[in-house]
Amino acid sequence: MATKITWIGHSAFSIQTEEHLILIDPFISGNPVASVDPESLKPSFILLTHGHGDHVGDTVAIAKRSGATVFGNFEVANWIAKQGVQNTVGGNTGGTAKLAFGTVQMTIAFHSSTMPDGSDGGSPNGLYITLNNGLRIYHAGDTALFSDMSLIGEKGIDLAIVPIGDFFTMGPADAIRAVQLLRPRFVMPAHYNTFPPIQQDVFAWAAEVNSKTLSNAIVLDPGSSYELQG
Ligand code: NI
Ligand code: MN
């Protein structure tokens with residue numbers, strides 16, 4: 001069965017496998033481009049790349065209502081637990097956690113990671129996810145371009161999700177270099193067109209991916225999905 005990837009908007013994605021709905025960075029209620037009702041989401045897992053409000057988003061409310069397990073770095077997971085969320089798992093950079101849907105390795109990311117209340121959010125991360133069905137998804141989180149993306153690419157990536165918005169993260173040109181290093185089968189852009197400082201011409205970027213890299217760009221509208229085949 002195909003795995004359904006939905007772009008909620010900004011860095012927020014959902015991954016629907018046969019058994020699990022997994023949310024990544026569910027920034028929904030304060031997100032001007034997200035149209036999904038956070039109340040309608042019943043994930044079994046929420047994965048967080050770092051502590052910023054535009055990534056933690058609705059995590060606490062959704063986890064309390066759905067009973068989802070929240071996975072993030074040690075500081076992020078502890079902060080989420082302190083808000084009253086029952087099930088949290090805190091990893092750290094380089095480590096891999098085995099969860100019911102597969103595994104998640106916390107990769108490096110070059111960014112910052114303060115929690116919404118200003119407390120320490122540890123180190124920012126990317127997430128290298130291997131689903132039980134074998135699909136490998138890399139969500140880069142918020143990051144600058146870094147050459148070790150080539151090491152992540154060596155592991156094999158079916159779908160990479162990379163920020164292209166510039167200003168807070170790498171911009172379109174560096175994101176093309178990132179795709180060249182990661183060499184995924186498919187790539188989806190994220191972290192753009194949410195706010196004025198991160199407006200980008202996503203179709204120009206996608207055309208450049210298709211002409212300058214071996215990967216295929218997939219551009220979704222917020223709320224729309226792509227069926228990733230194994
Ligand atoms: Ni951030
Ligand atoms: Mn961000």
Side-chain angles (χ1 to χ4, degrees), residues 5-15 22-36 38 46-63 70-80 83 90-93 104-129 137-146 148-149 152 159-175 178-179 182 187-200 202 205 219-220 222-223:
I5 314 293
T6 303
W7 186 41
I8 295 169
H10 203 55
S11 278
F13 285 79
S14 69
I15 302 171
I22 304 155
L23 295 185
I24 303 175
D25 289 357
F27 168 54
I28 301 169
S29 16
N31 181 341
V33 302
S35 54
V36 69
I46 301 173
L47 314 180
L48 297 176
T49 60
H50 64 294
H52 287 160
D54 61 318
H55 297 258
V56 170
D58 300 87
T59 296
V60 170
I62 296 172
V70 179
F71 175 79
N73 77 34
F74 180 78
E75 289 79 7
V76 168
N78 277 350
W79 187 88
I80 296 288
Q83 316 307 309
N92 218 323
T93 309
V104 187
Q105 182 178 29
M106 306 201 87
T107 61
I108 58 171
F110 288 86
H111 191 64
S112 57
S113 181
T114 317
M115 302 308 304
D117 64 3
S119 57
D120 176 27
S123 299
N125 290 105
L127 304 169
Y128 181 86
I129 301 163
I137 298 169
Y138 168 61
H139 187 303
D142 281 1
T143 188
L145 173 66
F146 55 93
D148 285 3
M149 284 179 172
I152 300 170
L159 171 65
I161 295 167
V162 298
I164 69 160
D166 215 338
F167 196 78
F168 302 114
T169 67
M170 60 184 172
D174 280 356
V179 176
L182 293 166
V187 61
M188 288 183 187
H191 216 275
Y192 69 95
N193 290 4
T194 325
F195 309 113
I198 58 173
Q199 293 294 329
Q200 297 297 339
V202 70
W205 183 81
V219 176
L220 298 175

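Nothing fancy with the numbering, it's 1 onward along the sequence. We count ligands from 1, going down the list as the structure has it; atoms in each ligand are counted the same way. Here the structure is a predicted model, which means the values were calculated and not measured.
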Subject >> Ring-ring centroid check H111 F168, cutoff 6.0 Å >> reply: no

**OP:** Would you kindly say whether D142 and H50 are connected by a side-chain donor-acceptor distance under 3.5 Å?
**Re:** yes

**OP:** Measure the acute angle between the ring planes of H10 and F27, then classify it against the limits of 30° and 60° as parallel, tilted or perpendicular.
**Re:** perpendicular

Subject >> Geometry at the Mn ion (ligand 2) - D142 OD2 versus H55 NE2 angle, rounded to 10 degrees >> reply: 90°

Original post:
Is there a donor-acceptor pair under 3.5 Å between the side chain of T143 and the backbone N or O of F110?
Top reply: yes

Subject >> Non-hydrogen side-chain atoms of T107 and N125 separated by less than 4.5 Å >> reply: no

Original post:
Quick one: does S113's side chain have a donor or acceptor within less than 3.5 Å of a partner on G121's backbone?
Top reply: yes

Original post:
Hey, is CZ on F195 packed in by over 12 heavy atoms from elsewhere, all under 6.0 Å?
Top reply: yes

Original post:
With a cut-off of 2.8 Å, does any N, O or S atom of H52 fall short of it relative to the Mn ion (ligand 2)?
Top reply: no

Original post:
What N/O/S atom of D54 gets nearest to the Mn ion (ligand 2)?
Top reply: OD2

**OP:** For the Ni ion (ligand 1), count the protein N, O or S atoms found under 2.8 Å away.
**Re:** 4

Original post:
Looking only at heavy atoms, which two atoms of V36 and I28 are closest? And how far apart?
Top reply: O-CG2, 3.4 Å

Subject >> Atom name in H191, limited to N/O/S, at shortest distance from the Mn ion (ligand 2) >> reply: NE2

